[in-house]
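Any value given below was found using the heavy atoms of this structure, including those in side chains, with hydrogens, waters and symmetry copies removed.
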Amino acid sequence: MTFLQTRTHAFTSRHLSSRDASPNPLFAQSHVNQTDRSYIRNGPQRFAQATRAAIALVLSLTLLALMPAIESANEMNRAHAHTERTRPKKHGATASRNTAKKTSTKSAAHKAAASKNTSSRSGAYRSRASAKVAAKHSSKSRNDRSASGSRKGRHRSVAHAAPAPLPHRVAMTMEDVVRADSTTIVELADGITHRRIRTQGNQVANVVTINLKAGARLCSYKALCRYDGLANAADIATLAQQRTNDTVLAATNASFWRAGSNSPIGPTITNGEVVEMPGYKQWSSLMIFKDGTAAINRISLSGDLFWKARHFQVSAVNRRGGAEGIVVYNHHYGDSVPMGSRKSDSAIVAEAFANRVMAESGDDSEGTGVDTAAVIRSYRESKVLEDREHSILKIACLPIKPRRKRDPLPVPAVGDTMRLVVTAVDTGAVAVPENGYVLSLGVQAEWFSVVQTGDTIGLLYTISPTPPKPVRDMLTGTPRLVRDGIANPEYETEGSKARRFVDGKLARTAVGISKDGDTLILATVNSGCSCTETNGMTLSQLAAFMKSQGAYQAMNFDGGGSASMAINGLMVSRQGSGPSTRRVSNALMAVRPFQTTKRSARATAKSND
């Protein structure tokens with residue numbers, strides 16, 4: 001029992017005993033007047049002592065009642081102090097407020113401890129029991145506050161740690177592929193943005209977004225400017241920049257290509273010049289129009305010759321696919337028809353292993369080996385057909401120059417008839433004129449037996465279905481990934497059935513177009529590698545990813561080891577722990593056109609004359 005409680009008890013007992021001993025008030029008063037005058041004389045002092053004792057008793061009872069609330073406040077303050085230690089330090093007025101809050105918390109804690117020392121054992125026991133209940137409720141309320149992100153009515157932003165990488169054994173959902181875990185954005189030029197995205201499924205993708213109305217231009221370029229040329233995407237971009245004076249900001253690989261002949265698969269057009277004509281299965285094509293816009297569709301490309309009121313169908317461009325048809329050769333083929341160069345079997349096999357691409361399969365062959373016998377057989381068959389060119393009648397011709405000297409030479413254009421003038425008629429090896437053509441006539445040679453130098457021949461390439469605008473560039477791939485905003489790879493329709501190509505988590509390259517047609521999206525996905533803890537993508541995952549990047553239409557290009565992207569001439573895509581290095585057939589590029597002045601334009605026209 002405390003000192004104040006002892007004094008209060010003694011005072012109360014004293015008056016109770018006096019009242020009980022003298023039930024008559026008059027007798028009690030006379031008794032007091034006669035026997036204890038000193039008590040009356042000291043009454044005010046004793047009354048003050050009793051008042052203080054009563055006040056102390058009330059305070060003790062109040063503190064006992066408030067003890068659970070004080071313990072709850074202590075729990076809240078300790079949790080707040082832990083949060084403040086883990087949060088970055090603040091300066092200025094904010095730091096002063098935090099310091100004042102800590103000081104007030106400490107003083108409250110000291111007061112609570114002092115009041116606890118003045119309580120009784122039973123009160124202390126009740127206090128501890130109440131504190132446990134209060135701590136339980138405080139913990140629950142603290143969890144609720146952390147979930148809602150608020151405290152005392154003020155919202156605070158909480159910095160969440162990045163989620164741990166998903167282990168390879170965990171199955172990835174489509175949301176993991178689409179949702180970005182981290183993104184790095186770099187603006188290459190007005191309207192051209194490069195983003196490096198790492199998804200929550202541990203896929204790493206490089207995405208270039210091109211606003212086609214902001215001054216950038218799309219174009220394709222053939223490796224080494226040769227039909228059978230191969231080079232990595234960065235080297236193709238460098239060559240294009242040197243020859244056109246345009247600034248290449250971004251470049252990706254594009255068409256699939258055949259092993260052995262190294263020729264692109266499917267219709268291919270570069271700057272109006274047809275490089276490859278026959279289609280392959282039901283593959284899709286990207287068309288880049290002269291106004292810079294683009295479209296994706298399944299098309300067929302055909303060619304026709306017109307001479308002396310007759311018309312003849314062209315069977316192939318830059319390669320003889322059969323012994324009978326007419327073949328058109330241009331500067332992408334080589335210096336002469338036939339070229340006459342040969343490769344040894346060992347060189348063919350070494351090149352096939354270096355490139356590691358299966359012939360006409362549309363499937364990257366990494367991890368499955370290379371059918372060297374099939375590659376050698378394909379190369380020899382193409383050379384046998386090429387050797388037949390020696391005995392076939394061939395016509396060399398050039399575009400007809402305009403009447404006015406200052407007018408530029410006609411540019412090859414699909415959909416427009418080009419007027420050619422015959423410069424030579426011969427068999428054997430015939431040189432390919434600069435900016436000209438060699439027409440190998442095949443079995444149609446008898447119709448051209450009377451052709452002479454100076455005669456005029458018309459050459460026309462047409463696309464079916466007819467595109468809405470003149471086409472400048474065309475690249476072919478498979479399958480269609482997104483059609484009218486619906487992500488659904490159409491590999492079965494286009495004839496690609498290899499399960500590894502469809503369901504394998506491979507490196508990928510894709511191109512997409514926005515709904516309004518003003519934005520083009522180029523994307524490459526790095527290969528899966530345990531050294532970098534990354535995964536590739538299946539075709540379904542790639543389709544969902546392209547849709548998430550804003551593609552309303554999208555298609556797949558060559559992937560696997562060929563998947564590559566160069567930014568400002570440097571490779572940013574990776575195969576395993578190193579940059580992409582595989583050689584590819586052609587590249588799709590975003591360029592900033594070279595700005596010519598009137599003086600330089602006149603100088604160029606004069607040099608052409």
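The distance from atom CG of Asn271 to atom NZ of Lys290, rounded to the nearest 0.5 Å, is 9.0 Å. A distance of 9.5 Å separates OG1 in Thr293 from CZ in Arg472, rounded to the nearest 0.5 Å. A distance of 6.5 Å separates CZ of Arg196 from OG1 of Thr184, quoted to the nearest 0.5 Å. To the nearest 0.5 angstrom, Gln553 atom CD is 7.0 Å from Arg483 atom CZ. Separating the OG1 atom in Thr519 from the NZ atom in Lys213 is a distance of 9.5 Å, to the nearest 0.5 Å. The line from CG of Leu588 to CE of Met565 is 9.5 Å long, rounded to the nearest 0.5 Å.
Gln282 and Thr493 share no donor-acceptor pair across their side chains, judged by distance under 3.5 Å alone. For the residue pair Ser564/Ser573, the side-chain donor-acceptor check at 3.5 Å is not satisfied. Judged by distance alone, the side chains of Thr209 and Arg195 do bring a donor and an acceptor atom under 3.5 Å apart. Side-chain atoms of Ser220 and Asn586 include no donor-acceptor pair closer than 3.5 Å. Side chain to side chain, Thr478 and Lys281 fail the donor-acceptor criterion of an N or O pair below 3.5 Å. Side-chain polar atoms of Ser255 and Thr476 form no donor-acceptor pair below 3.5 angstrom. Side chain to side chain, Ser440 and Arg320 meet the donor-acceptor criterion of an N or O pair below 3.5 Å. Counting only N and O atoms by type, the side chains of Gln241 and Asp246 include no donor and acceptor under 3.5 Å apart.
Checking side-chain atoms of Ser464 against main-chain N and O of Ser300 turns up no donor-acceptor pair under 3.5 Å. With hydrogens and angles ignored, the 3.5 Å screen pairs no side-chain donor or acceptor of Asp304 with any backbone N or O of His311. Under the 3.5 Å distance criterion, the side-chain polar atoms of Thr268 are matched with a main-chain donor or acceptor of Gly266. In this structure a side-chain-to-backbone donor-acceptor pair under 3.5 Å is present from Asn535 to Gly201. With hydrogens and angles disregarded, a donor-acceptor distance shorter than 3.5 Å links the side chain of Lys547 to the backbone of Gly485. Checking side-chain atoms of Asn253 against main-chain N and O of Val584 turns up no donor-acceptor pair under 3.5 Å. Not a single donor-acceptor pair under 3.5 Å links the side chain of Gln575 to the backbone N or O of Ser562. Under the 3.5 Å distance criterion, the side-chain polar atoms of Arg508 are matched with a main-chain donor or acceptor of Met537.
Nearest heavy-atom pair, Ala587 versus Ile236, reported as atom, atom and distance to 0.1 Å: CB-CG2, 3.7 Å. Closest approach of Leu249 to Leu188, counting heavy atoms only: O-CD1, 3.9 Å. Scanning all heavy atoms of the two residues, the minimum distance from Ala554 to Arg480 falls at O-CD, 3.3 Å. Between Ala240 and Met589, the shortest heavy-atom distance links the atoms CB-CE, 3.6 Å.
Heavy atoms of other residues, nucleotides or ligands lying less than 6.0 angstrom from CG of Asn245 number more than 12. Shown here is Arg592, whose CZ atom has no more than 12 heavy atoms of other residues, nucleotides or ligands within 6.0 Å.
Figure legend: Arg419 and Tyr437 shown without cation-pi pairing, the cationic atom not lying both under 6.0 angstrom from the six-membered ring centre and within 45 degrees of its axis.
Looking only at side-chain heavy atoms (C-beta outward), Asn262 and Ser585 stay at 4.5 Å or farther from each other. Between Lys222 and Glu273, the closest side-chain pair of non-hydrogen atoms is not below 4.5 Å. Looking at Asn556 and Phe256, their side chains come closer than 4.5 Å, going by heavy atoms from C-beta outward. Within the 4.5 Å cutoff, the side chain of Ile567 has heavy atoms near those of the Val208 side chain. Considering only heavy atoms from C-beta on, Asn330 comes within 4.5 Å of Asn318 through its side chain. Looking at Arg243 and Tyr221, their side chains come closer than 4.5 Å, going by heavy atoms from C-beta outward. Two residues are said to be in side-chain contact when any heavy atoms from C-beta on lie closer than 4.5 Å; Tyr461 and Val317 meet this criterion.
Taking Asn526 as the reference, nothing meets the side-chain hydrogen bond (donor to acceptor under 3.5 Å, both in side chains) condition, with sequence neighbours excluded.
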Practice item. In sequence, state the C-alpha distance, the side-chain angles, and the governing distance for Ile513 and Leu286, and then conclude on side-chain contact (heavy atoms from CB on, under 4.5 Å). Key: CA-CA 10 Å; Ile513 306 170; Leu286 171 71; 4.2 Å; yes

Practice item. List the steps, then state whether side-chain contact (heavy atoms from CB on, under 4.5 Å) holds for Glu276 with Arg319. Key: CA-CA 8 Å; Glu276 169 77 357; Arg319 68 183 181 97; 3.2 Å; yes

